[in-house]
There are 2 protein chains.
Amino acid sequence: MGRVRIVDVARRAGVSSATVSRVLANKPYVRPELRQRVLAAAQELGYRPSRVARTLRTQRARIIGLLISDIENPFFTSLVRAVEDVAYAHDYAVFLCNTDENPEKEQLYLDLMVAERVTGVLISPTREQGVDCQGLQQAQIPLVAVDRRLRDRRVDTVVVDNVGGARRLVEHLLDDGYREIGAILPPPTITSGRERYQGLWEALHHRGLEPRSAWIRTGPPVQAEGYRLAREILGRHPRPQALFVGNNLLTMGALRAIRDLGLSIPGDVALVAFDDMDWMALVNPGLTVMAQPTYELGRAAAELLLRRLEDPDRPVEEVLLTPELRIRQSCAPHLGAGRPRGEVRASGQG
Amino acid sequence: MGRVRIVDVARRAGVSSATVSRVLANKPYVRPELRQRVLAAAQELGYRPSRVARTLRTQRARIIGLLISDIENPFFTSLVRAVEDVAYAHDYAVFLCNTDENPEKEQLYLDLMVAERVTGVLISPTREQGVDCQGLQQAQIPLVAVDRRLRDRRVDTVVVDNVGGARRLVEHLLDDGYREIGAILPPPTITSGRERYQGLWEALHHRGLEPRSAWIRTGPPVQAEGYRLAREILGRHPRPQALFVGNNLLTMGALRAIRDLGLSIPGDVALVAFDDMDWMALVNPGLTVMAQPTYELGRAAAELLLRRLEDPDRPVEEVLLTPELRIRQSCAPHLGAGRPRGEVRASGQG
DNA sequence: CTGTTAGCGCCTTCAT
DNA sequence: ATGAAGGCGCTAACAG
């Protein structure tokens, strides 16, 4: 085992375990000489404090729990990276759990976080309600929702402006002259999906248009679903001239479907997508996307959690970040043909 | 806090804490009636055992540590997913750490694993040697290396056949008539990088060819480096007709560079790559890749660790998996022009 | 400034 | 089949 305990170090340094503890915790009121002796003894013995014992004693593991819904989604890995950076800087470890869009797994991990007495939890919830936070509350473990909201308004939240972002994307299509617009979206049980639908709705209504339900489909945010739904929508007669896809994985599937159908973008069907992925520009330079500030999202969430820890009584906070429209200029001229309006606009407004 | 302790449950059920412990651990020798009472009491009180206390007592946290070198690399996320699935099935939690190809961070996390008294550790090491496993050994925490080897031959290892895989990729180029072949590889401090270089070397030597050092570059396996090195190599006069890229992130960078240089694949430069990414076929259907069985890799590693835990004295094991050659048929005819040999071969042999 | 002491919550002999 | 008691390794009062 971690054979060498604090008393071993104490004995070797000729002091008490309390002094060793103080030295290692960098507390004041220790004679420099003793400090040296202790440090040396610890070094020589290769002493590794048991974080387990410390946690039991202090009733708080210096760990931040992070529950994401799909680790294979680049969106989340970028977020993870951000959280990790912040945690690392503040001497916290990160306990990463992949809920896999599965509410049961989510609950299981939430309970695990309680059982491990983590300091705080960041979560990107699989659904808006039905999450049992009793355990967390009882154990006074703060919770912060990232990317997706929870029904419970008492939890701090960090999200992007999904309504506005979706609206700008659709407006981009409308500005280009498209009127027959289809959409593939995450289900309304996920707040971001619902909000993006609302953005679509607002954009259309602002121009006196109605969403055509035959062209609008929702499904779990996974690639296979994007593929399936895109084929379904684009297989209809008539089919929409343009597609708004509300999630990166869905977009990936849709791109595949469009390729398999032998269609070109935007010649046969125009595409705008929420979320961005690094390789999308490689796949299709003509694609316009709403890029989320993923790293910022994670950083903001982690920092919000830290603030909450400092002052448990501060008012509930909601951070709203703004996604960025990226209009990509096609560098493959043959793909540009057939676009209602050929003009390429500068990045920025929609 | 987790206010309700085992004694609270015991009191409520009118038994001792020992009985509660036995019931919750599903141990025999408890009267069914008492068992019911205990279960009911635990339920009513919302009792959540402290894993921290349990760990302190048993000296082993039911956690598997997983140290990967880059969480933003899809290769690793797929591996994470596999490990998680196995762990989950065996009632282990996974403590995921991102070393970020940084040996210091790696060491820090390794120490953290010891401090947390995890059951075992899976690692994809940042480098072959210099990893201090003293702490792990002292604490008798088994270690398994995944994807990359460690110098220390006493650790169980799960890797793919990098030499053979690289060789087959290069042979694929040679079979197509290419002779002037360049390469972009991870550095030799990473075993997979070195092994892939060896595969390249073997393929060339087998045909009486020599690697041209001016066309061969190594660098950290990140996209920016792939971009830089590809530009460098392809900017030379003369430049190679074909490129072997030995890592997915490097490939991503190389693809970007090739695009920015206005070159086409394989017309201007042929490309074969180790590692596969889901979207690569979308980016360039003509790309031939050596796909790693990433999920299998993670699963094998986790299972190897589990076996090691069951029997600490079993001989050291090395699992060698075989990557799969994927020859993609170009569906963009204009990209096929200029290829020395137009024939498209079936997937399988190189 | 430093040492003594009393738990944190659980599991596990040992005795009954 | 059940209970009593000790201790895992550490920190935080409290004494001095």
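The chains referred to below are lettered A, B, ... by the order of the sequence lines, with proteins before strands, and numbering in each begins at 1. Here the structure is a predicted model, which is why all the values come from computation and not from measurement.
Whole-Å rounding puts the B:Arg5 CZ to C:dG7 P distance at 12 Å. In this entry the distance linking CZ of A:Arg48 with P of D:dC8 reads 21 Å, nearest Å. Distance, B:Ile6 CD1 to D:dG6 C1': 15 Å, rounded to whole Å. Taking atom CD on A:Glu116 and atom C1' on C:dC8, their separation rounds to 15 Å, with Å as the unit. Rounded to whole angstrom, the span from the CZ atom of A:Arg60 across to the P atom of D:dA12 amounts to 14 Å. Separating the CZ atom of A:Arg11 from the P atom of C:dG3 is a distance of 13 Å, rounded to the nearest angstrom. In this structure, A:Asp8 places its CG atom 11 Å from P of D:dC8, rounding to the nearest Å. Rounded to an integer number of Å, the gap from B:Arg54 CZ to D:dG9 P is 18 Å.
Among D:dG9, D:dC10, C:dC10, the nucleotide with an atom closest to any side-chain atom of B:Ala53 is C:dC10. The B:Leu56 side chain lies nearest to C:dG9 when the options are C:dC10, C:dT2, C:dG9.
Among the atoms of the strands shown, none is found under 4.0 Å from any heavy atom of A:Val52.
Contact check, B:Ser16 against D:dG3: a side-chain N or O comes under 4.0 Å of OP1 or OP2.
For the ring pair (Phe, Tyr, Trp, His ring centres under 6.0 Å) condition, the pairs that include at least one residue of residues 90-119 of chain A, sequence neighbours left out, are A:Phe95-B:Phe95. Note on residues 44-86 of chain B: no pairs pass ring pair (Phe, Tyr, Trp, His ring centres under 6.0 Å), not counting sequence neighbours.
With sequence neighbours left out, A:Arg153 forms a side-chain hydrogen bond (donor to acceptor under 3.5 Å, both in side chains) with no residue at all. Remark: B:Asp70 pairs with A:Arg81 by the salt bridge (Lys or Arg N to Asp or Glu O under 4.0 Å) rule, at least two apart or across chains. Annotation: salt bridge (Lys or Arg N to Asp or Glu O under 4.0 Å) contacts of A:Glu33 (sequence neighbours excluded): A:Arg31, A:Arg37.
For the pair A:Arg307 and A:Glu310, the salt-bridge criterion is not met [side-chain N within less than 4.0 Å of a carboxylate O].
For the pair A:Asn26/A:Arg35, a side-chain contact is recorded, criterion being any heavy-atom separation below 4.5 Å from C-beta on.
Contacts between residues 17-33 of chain A and DNA chain C, defined by a heavy-atom separation under 4.0 Å, are made by A:Ala18, A:Thr19, A:Arg22, A:Tyr29, A:Val30, A:Arg31.
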